[in-house]
Amino acid sequence: MMKRVFVVCPAVLSMLGASPVAAQEIEPVEIERVRDRDVVELDPDASYLLVQGNRFGSIYFYKVPSEELRAQWIRQRDDEIAEQQADYERDMRRYESNMRRYRPGPGALPPPEEPVYATVENFTWPDIETQQMIAIGPGDRFYDEAGLSMWLYEVPPGEYVFYGVADMDPRERSIVMDCACMGSVAFTVEPGRITAIRAGVETVDASGVVVDFYETSRNRTDRDVWRSLVAQPPTEAAFDPRLPRERITVPSFRPIDRLENWLGGTINRVQPIPGVLEYERDQLLDLRSQATLDVAEENPAEAEAG
């Protein structure tokens with residue numbers, strides 16, 4: 001039974017420079033880590049996510065909401081709008097009364113703020129994907145050796161999207177969030193399987209070649225390397241002998257053209273994946289069909305809900 005619940009809490013969002021989300025009744029995604037032990041016992045019917053990485057930091061995914069969950073999210077939003085609309089006349093009377101008493105001048109408080117009649121177009125309501133995010137790492141590793149870390153979690157089955165990475169950037173001397181806003185991948189976690197991927201952030205030079213981690217000085221070479229996100233099939237090291245090899249599966253990736261920058265991170269994208277995706281300047285190309293993805297066609301339900 002899964003016990004760990006991850007939600008994007010206000011403290012995390014504040015740390016990353018984003019605004020806190022409003023409380024909602026959408027059920028968060030429950031995950032439970034598998035501990036690093038000599039003997040590992042897995043539920044034969046459960047679904048697991050094995051993430052292979054090589055740096056310290058939190059790796060973010062979100063579970064693609066079902067149509068039922070999205071409908072629930074819309075109902076909750078509409079109920080909140082109706083509640084604010086019902087209070088509008090009262091709030092306007094209070095505003096007008098306060099304005100009649102308001103006297104501007106040196107040292108005066110700002111004037112009262114005029115209430116706005118709530119509508120779908122002007123009402124701020126956090127996207128449902130922010131309520132379905134999970135963070136893997138940096139602690140609770142299933143495997144940890146020099147240059148390689150792995151995390152293993154029991155997660156609900158379904159489709160997941162790689163969102164980004166938050167870790168410490170030596171040049172900035174602070175936590176940096178990279179969002180795969182300009183290109184990412186979705187993949188399916190199936191019941192009874194251990195879905196294994198390699199995800200995280202690497203340092204690349206101007207030609208996209210992975211290089212050793214840069215020094216903390218701000219010289220010319222330092223500015224000619226970039227943080228690049230990775231979401232790819234795992235290496236052979238992911239096939240840990242403690243895990244039943246027949247249950248480990250490498251997912252088929254589906255390119256995602258655009259993601260919203262919900263956590264206020266640096267705009268980034270995943271590295272090209274042979275046979276899956278590449279880029280032509282800022283356009284993501286789906287190598288499965290050799291066609292440029294159309295966001296509206298890819299996510300009609302999301303476009304309608306928005």
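Put simply, Val230 and Val276 are part of two different groups of oily side chains (I, L, V, M, F, W, Y) that touch within less than 4.5 Å, one to the next. Cluster membership check: Trp125 shares its hydrophobic cluster with Val120, using side-chain heavy-atom separations under 4.5 Å among Ile, Leu, Val, Met, Phe, Trp and Tyr.
For Thr188 (side chain) and Gly158 (main-chain N/O), no donor-acceptor pair under 3.5 Å exists by modelled atom type. Proximity of a side-chain donor or acceptor of Asn98 to a complementary backbone N or O of Arg94 within less than 3.5 Å is detected. Side-chain N or O atoms of Tyr163 include none that pairs as donor or acceptor with a backbone N or O of Ser184 at under 3.5 Å. Gln232 places no side-chain N or O within 3.5 Å of a backbone atom of Arg198 that could act as its donor or acceptor partner. Remark: side-chain polar atoms of Ser58 are paired, donor with acceptor, to backbone N or O of Gly137 under 3.5 angstrom. Looking at Glu154, its side chain never comes within 3.5 Å of a backbone N or O of Ser47 through a donor-acceptor pair. For Arg242 (side chain) and Asp38 (main-chain N/O), no donor-acceptor pair under 3.5 Å exists by modelled atom type.
In the hydrophobic clustering, Phe239 connects to Val34, Val40, Leu42, Tyr48, Leu50, Phe142, Tyr143, Leu148, Met150, Leu152, Ile194, Leu243, Ile248, either directly or through intervening members, whenever side-chain heavy atoms lie under 4.5 Å apart. Through side-chain heavy atoms spaced under 4.5 Å, either directly or across other Ile, Leu, Val, Met, Phe, Trp or Tyr residues, Ile267 is tied to Met182. Residues Tyr88, Tyr95, Met99, Tyr117 make up the rest of the hydrophobic cluster containing Met92, defined by ILVMFWY side-chain heavy atoms closer than 4.5 Å, directly or through other members.
When side chains are defined from C-beta on, Ile256 counts as touching Arg254, because their heavy atoms get closer than 4.5 Å. In this structure, the side chains of Tyr62 and Ile134 stay at 4.5 Å or more apart for every pair of heavy atoms. Between Pro65 and Trp73, every side-chain heavy-atom pair lies at or beyond the 4.5 Å cut-off. Side-chain contact check for Ile26 versus Gln72: some heavy-atom pair is nearer than 4.5 Å. At least one side-chain heavy atom of Pro251 sits less than 4.5 Å from a side-chain heavy atom of Ile197. At least one side-chain heavy atom of Val64 sits under 4.5 Å from a side-chain heavy atom of Val161. Under the 4.5 Å side-chain criterion, counting only non-hydrogen atoms from C-beta, Ile136 is not in contact with Tyr60.
A salt bridge is defined here as a Lys NZ or Arg NE, NH1 or NH2 lying under 4.0 Å from an Asp or Glu carboxylate O, and Asp87 with Arg90 meets this definition. A salt bridge does not link Arg141 to Glu145: none of the charged nitrogens lies less than 4.0 Å from a carboxylate oxygen. Here Asp167 pairs with Arg227 in a salt bridge; the nearest charged N to carboxylate O distance falls below 4.0 Å. No salt bridge links Glu27 with Lys63; every basic N to acidic carboxylate O contact stays at or beyond 4.0 Å. A salt bridge between Arg70 and Glu129 is present, with a side-chain N of the basic residue lying under 4.0 Å from a carboxylate O of the acidic one.
For Glu113, the CD atom sits in a loose shell: 12 or fewer heavy atoms of surrounding residues, nucleotides or ligands are nearer than 6.0 Å. More than 12 heavy atoms of other residues, nucleotides or ligands lie within 6.0 Å of CD in Glu236, so this atom counts as buried by the packing criterion. Heavy-atom neighbours of Glu89 CD from other residues, nucleotides or ligands within 6.0 Å: at or below the threshold of 12.
The distance from atom CD of Glu246 to atom CZ of Arg193, rounded to the nearest 0.5 Å, is 8.0 Å. The CG atom of Asn122 sits 9.0 Å away from atom CD of Gln84, with the distance rounded to the nearest 0.5 Å. Expressed to the nearest 0.5 Å, how far SG of Cys179 lies from CZ of Arg269 amounts to 13.0 Å. In this structure, the separation between CD on Gln132 and OG on Ser66 is 8.0 Å, given to the nearest 0.5 Å. Atom CE of Met177 and atom CG of Asn268 lie 10.0 Å apart (nearest 0.5 Å).
Taking every heavy atom of both residues into account, Ala135 and Ile31 meet most closely at O-CD1, 4.3 Å. For Val189 against Val155, the heavy-atom pair with the smallest separation is CG1-CG2, 3.8 Å. The two residues Ile128 and Leu69 make their nearest non-hydrogen contact at CD1-O, 3.6 Å. Of all heavy-atom pairs spanning Ala237 and Gln52, the tightest one is CB-NE2, 3.6 Å. Scanning both residues, Val51 and Leu49, for their nearest heavy atoms gives CG2-CG, 3.8 Å. Of all the heavy atoms in Tyr279 and Val270, the pair that sits closest is OH-O, 2.8 Å.
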**Request:** Verify side chain to side chain contact (heavy atoms under 4.5 Å, CB included) between Ser97 and Arg93, making sure each step is shown before the conclusion.
**Result:** CA-CA 6 Å; Ser97 175; Arg93 288 194 300 270; over 6 Å; no

**Asked** Given Gln76 and Ile74, is the side chain to side chain contact (heavy atoms under 4.5 Å, CB included) satisfied, shown in steps?
**Response** CA-CA 5 Å; Gln76 291 179 1; Ile74 293 174; over 6 Å; no

**Request:** Given side chain to side chain contact (heavy atoms under 4.5 Å, CB included), test Leu287 with Glu278 step by step and report yes or no.
**Result:** CA-CA 7 Å; Leu287 300 185; Glu278 64 181 24; 3.6 Å; yes

**Message:** If you apply the rule side chain to side chain donor-acceptor pair (under 3.5 Å), what do you find for Trp262 with Asp127, and how did you get there?
**Reply:** CA-CA 8 Å; Trp262 292 299; Asp127 289 335; 2.6 Å; yes

**Request:** List the steps, then state whether side chain to side chain contact (heavy atoms under 4.5 Å, CB included) holds for Leu285 with Leu277.
**Result:** CA-CA 6 Å; Leu285 302 180; Leu277 67 88; over 6 Å; no

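A centroid separation of 6.0 Å or more is found between the aromatic rings of Phe61 and Tyr160.
With Phe123 as the aromatic partner, Arg77 does not meet the cation-pi criteria of under 6.0 angstrom to the ring centre and within 45 degrees of the ring axis.
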